[in-house]
Structures are given as C-alpha cells and as structure tokens.
Peer 1: 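Just dropping this structure here.
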Amino acid sequence: MEDKGEVKCIKFSLGNKILAVQRTAKTVDFINLIQDYSQLEYSQECKTKNAKILGFCWTSATEIVFITDQGIEFYQVLAEKRTLKLLKSQSINVNWYMYCPESSVILLSTANLCNVLQPFHFKSGTMSKMAKFEIELPVSSTKQAKISERDIAMATIYGQLYVMFLRHHAKASSSPGAEVVLYHLPREGSCKKMYILKLNRTGKFALNVVDNLVVVHHQDTETSVIFDIRLRGEYDGTVILHQPVLPARSIHPYHIPMTGPSAVAGQLPIPCKLYSSSWIVFQPDIIISASEGFLWYLRIKLQPIVHQLTDKGRLMDFLLQRKDCKAVILSVCSQMLSEMDRASLPVIATVFDKLNCEYKKYLEAEHSYTVAYFE
C-alpha cells in the first residue's frame, strides 16, 4: 500500500477480501485482496456536497456505509469493476455514530445535546430506518452537558438489542452514584427504557457484555461489578432497578512473559497494570491495553461465584443462564447433598424445582420442534 498521507481509519471487509482506507474527510480508498483481481486502489467520494466523512462500517463482505456529518450513504462495492454503487442514502445531522456488528445496526446521534438517537438496520442490500428515540438526561442545575459516545454502548443481551447509557449525576444531586440505563431497541416498534443498573459510586467507568452479563469496570477502585437483567429486580412503576449480583471484584491478574533479545533467563513475568487509563474497551467483550500492546477477551469464571453467592436459589437462577454451566451446577447440587455441607430441605427443594422447571422448558421446546418438523 502506497504512502498517501495520514490514515484516519482502516478496516477490512467481512471475509478480509477488500481493504477500505480513509485518508481525507471526503473520500475512502479501496484495495482488492482477491486473487486475480486488480490491486490498484480505487476511491469513492461521499455524494453529499460539503459533507465530512466521520467514519465508515462494513455491513457485509461487499456492502459499506459512509457516515458523514450530514447523513449516511449505503454502497455496494463492485470489486471486479473497481467501483461502488450507491444503494441508498439518508440526510440527517450527525454528531457521532456507533455500530453494532452483531445486529447490523448503526446508531446516529443528532440534536444539540446529542441525546436524540436514530438507528438504522442493514441486511442484504437493504437499509431500514428504525424508530428514533431520546435519551433522558440527568437533571442538572447548571448548563446541560452533551452526551458523549463514550457514555453509550450497544450490545445484544439474551437475544435482544439494547442501548446502554452510562448516566452520571451531578455532584449536588441526591443520587448515590452513576447508573447504567438500558433501552430495549426492537427491530420494529418504539424503543423503551427497561432497566437501570445501580452502580452506587462515581468516577470513570467502562462497559462490557459477557455471557449476557453487563460488566461495569470502575477505574478509580480498579474493580468490576456484574449485572444480570434476568434476575429479579425492583420494579419502581416504570423500569426495573438492578443491584450488582456480587460485591465488586478485580479482574484476575495477568502477567506479561518476558521474551525477545532483552529477556534474561529466569526473569519473572511482569504484572500487567489493570484498569489502566490506556485501556480501550470494545463491545461486547474486548479490552485493549494500548500502552502494552495487548488485546484480551473478558471471560466470567463461574466456580468462584458459587462461594460468593450464598442464596442458593438466586445462585441457581444465575447459573442456569450461563454457558458451560452444567459442571458447576452439578458441583453445587453435590455439595448441598453432602454430609458436611448439607443444605436444609426447603433450600434443596427450591434448587431442584428450578432445575425441573428448566428441564420442562427444554422438553416442551424439543416437542414443539419435533411436531413442527414432521408437520
């Protein structure tokens, strides 16, 4: 690739067959990485006059969206002809944008306070405008602050798309701390505020979603808390309020092994600085340490939670929603029935009622599938 100036953004298409490079505010360059195709660069300038390209997103192997400060432009990339075809465009003032690859939804921030969000869904060459909605801003006696893209995230939780808003309250506010507000964003119909996750502290936060759990990292205390919206919360008449499933815990320490010519034999690995200010979080479960050049996938260890969540009924509700939970559930049941740690009969009954309920759901789903298959 020739050096044609500063690269503002660079992304591979899905399948890594085409490379898109943005160097200016007006154009995006493309390079084919397909065998027998010309590898000469070809370019596409945004169609809207005087618009600036804020960024772009690949929505498929051959479809790309330009997001400008004046709207979005949806293109099909014709690699063999080294050209692009405009499929659809939409004019709208844009402050910033966000893309969720899992659901192929782009979220555009508009309005003066950046709190009016307009989603678009992309699938098989079509662009669908979804219902616009407004983020409720915290009450403030001073000048109202704009919403930053750092305080917004999109993620799929239990098969549903949610927009998560990290809401900071003013220092003079009576609120005990920041909170995460979850807005359910259906494919059709209006967006609805559904859950509020109470953080009970202030400061700098970052969000991840792992195994349908919302994980909130707190930089000041170097700890994280997890929330499960499937567990029972407190309904306030409008939304369901959730407290952390467990007390705050730190991410398991990671040590960087010493390698290369400067490494000394027998030298111990260097502990990685957790919750560093250089950390960058990507949805759903990626953490990047820019200063140390590491990328991690965040994972939840279930076994330690068994000893931290003393309410066995709530523990079973939690474990039954997790991937790879069978071995842990078996160990909980075995422990409850052992002579040393035998649980009371009502607790055992509660746990097995929950297991039977899940097994019944499985049998009903299996029966429905069988009937549908043979009809």
Side-chain angles (χ1 to χ4, degrees), residues 1-34 37-133 146-149 152 154 163 185 187:
M1 191 170 72
E2 292 182 35
D3 184 359
K4 295 183 179 180
E6 177 190 357
V7 173
K8 296 180 181 293
C9 185
I10 182 167
K11 296 178 184 177
F12 283 104
S13 64
L14 277 68
N16 302 328
K17 297 293 181 68
I18 307 171
L19 181 65
V21 184
Q22 182 189 352
R23 296 186 178 96
T24 73
K26 293 292 294 180
T27 61
V28 176
D29 302 324
F30 296 85
I31 305 170
N32 292 333
L33 303 175
I34 307 169
Y37 277 37
S38 170
Q39 293 190 350
L40 292 174
E41 288 190 19
Y42 50 105
S43 300
Q44 177 64 51
E45 185 173 330
C46 64
K47 298 286 187 180
T48 310
K49 189 178 180 181
N50 300 324
K52 294 180 181 179
I53 298 175
L54 302 178
F56 59 87
C57 301
W58 287 98
T59 58
S60 76
T62 57
E63 292 167 352
I64 193 168
V65 182
F66 291 3
I67 301 96
T68 76
D69 58 353
Q70 297 181 35
I72 54 176
E73 301 173 4
F74 184 33
Y75 291 95
Q76 180 183 12
V77 182
L78 306 172
E80 189 174 0
K81 297 180 180 180
R82 297 177 52 247
T83 187
L84 275 74
K85 175 185 176 182
L86 180 65
L87 300 176
K88 198 170 183 181
S89 63
Q90 177 78 46
S91 295
I92 181 174
N93 291 329
V94 180
N95 301 308
W96 47 262
Y97 74 96
M98 190 164 290
Y99 179 53
C100 180
E102 289 178 298
S103 55
S104 291
V105 170
I106 290 179
L107 197 64
L108 305 181
S109 160
T110 185
N112 291 334
L113 296 176
C114 307
N115 65 319
V116 177
L117 302 180
Q118 175 63 68
F120 290 87
H121 177 249
F122 298 85
K123 184 179 181 181
S124 304
T126 61
M127 180 178 84
S128 306
K129 189 176 183 181
M130 299 167 68
K132 180 169 61 175
F133 65 101
K146 294 182 178 181
I147 290 182
S148 164
E149 62 262 46
I152 296 287
M154 279 195 294
V163 174
L185 189 57
R187 190 67 52 82

Peer 1: So L78 and E80, do their side chains get closer than 4.5 Å, heavy atoms only?
Peer 2: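 No, side chains not in contact.
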
Peer 1: Shortest non-hydrogen contact from H121 to V105?
Peer 2: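 Residues H121 and V105, closest heavy atoms: CD2-CG2, 3.9 Å.
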
Peer 1: Please indicate whether N16 has more than 12 foreign heavy atoms, meaning atoms of other residues, nucleotides or ligands, lying under 6.0 Å from its CG.
Peer 2: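 Result for CG/N16: enclosed.
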
Peer 1: So how far is it from M154 CE to L117 CG, rounded to the nearest 0.5 Å?
Peer 2: 9.0 Å

Peer 1: Please find the pair of heavy atoms, one from I152 and one from L107, that lie closest to each other, and give the distance.
Peer 2: CG2-CD2, 4.2 Å

Peer 1: I want to check something: taking the side chain as every heavy atom from C-beta on, are Y97 and C57 in contact at a cut-off of under 4.5 Å?
Peer 2: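 They are in contact (side-chain heavy atoms under 4.5 Å apart), so the answer is yes.
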
Peer 1: How far apart are the C-alpha atoms of K146 and C114, what are their side-chain angles, what is the distance that settles it, and do they pass the side-chain contact (heavy atoms from CB on, under 4.5 Å) test?
Peer 2: CA-CA 6 Å; K146 294 182 178 181; C114 307; 4.1 Å; yes

Peer 1: I need the minimum non-hydrogen distance between S13 and S60, along with the two atoms involved.
Peer 2: CB-O, 4.4 Å

Peer 1: Could you report the tightest heavy-atom contact between Q90 and M127, atom names first, then the distance?
Peer 2: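 The answer is CB-CE, 4.0 Å.
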
Peer 1: With the side chain counted from C-beta on, respond yes when T48 and S89 share a heavy-atom pair under 4.5 Å apart, and no when they do not.
Peer 2: no

Peer 1: Nearest 0.5 Å, what's the CG-CG distance between L19 and L33?
Peer 2: 6.0 Å

Peer 1: When I92 is tested against each of D69, V116, I72, L108 for side chain to side chain contact (heavy atoms under 4.5 Å, CB included), which residue passes?
Peer 2: L108

Peer 1: If you round to the nearest 0.5 Å, how far is CZ of F12 from CD1 of I18?
Peer 2: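 Spacing of CD1 (I18) from CZ (F12) equals 11.5 Å.
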
Peer 1: Taking the side chain as everything from C-beta on, heavy atoms only, tell me whether N50 gets closer than 4.5 Å to Q70.
Peer 2: yes

Peer 1: Run the side-chain contact (heavy atoms from CB on, under 4.5 Å) test on L86 and F66 for me, step by step, so that the C-alpha distance in whole Å, both residues' side-chain angles and the decisive distance to 0.1 Å come before the verdict.
Peer 2: CA-CA 10 Å; L86 180 65; F66 291 3; over 6 Å; no

Peer 1: Is the shortest heavy-atom distance from the side chain of F56 to the side chain of Q22 under 4.5 Å?
Peer 2: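 Result yes, sub-4.5 Å side-chain heavy-atom pair found.
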
Peer 1: What's the separation between atom CD in E41 and atom CD1 in I31, rounded to the nearest 0.5 Å?
Peer 2: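 If we round to the nearest 0.5 Å, E41:CD and I31:CD1 are 4.0 Å apart.
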
Peer 1: Have E73 and T68 got a donor and an acceptor in their side chains that come within less than 3.5 Å?
Peer 2: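 No, T68 and E73 have no side-chain donor paired with an acceptor closer than 3.5 Å.
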
Peer 1: What are the two closest heavy atoms between F122 and I106, and how far apart are they?
Peer 2: CE1-CD1, 3.7 Å

Peer 1: So, do W96 and I67 sit near enough that their side-chain heavy atoms are less than 4.5 Å apart?
Peer 2: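 A side-chain contact under 4.5 Å is absent here.
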
Peer 1: Considering only heavy atoms from C-beta outward, does the side chain of V28 approach that of L84 to under 4.5 Å?
Peer 2: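 Counting from C-beta outward, V28 and L84 never come under 4.5 Å.
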
Peer 1: Check the angle between the aromatic planes of F30 and W58 and answer parallel, tilted or perpendicular using the 30° and 60° thresholds.
Peer 2: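 Rings of F30 and W58: perpendicular, as their planes differ by over 60°.
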
Peer 1: So how far is it from Q44 CD to K85 NZ, rounded to the nearest 0.5 Å?
Peer 2: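 Taking CD in Q44 and NZ in K85, the distance rounds to 13.0 Å.
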
Peer 1: Distance from Q76 atom CD to K88 atom NZ, nearest 0.5 Å?
Peer 2: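 Answer rounded to 0.5 Å: 15.5 Å.
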
Peer 1: If you look at every heavy atom in I34 and K17, which pair is closest and at what distance?
Peer 2: CG1-O, 3.5 Å

Peer 1: Quick one, F74 and T126 - any side-chain contact, counting heavy atoms below 4.5 Å?
Peer 2: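 A side-chain contact under 4.5 Å is absent here.
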
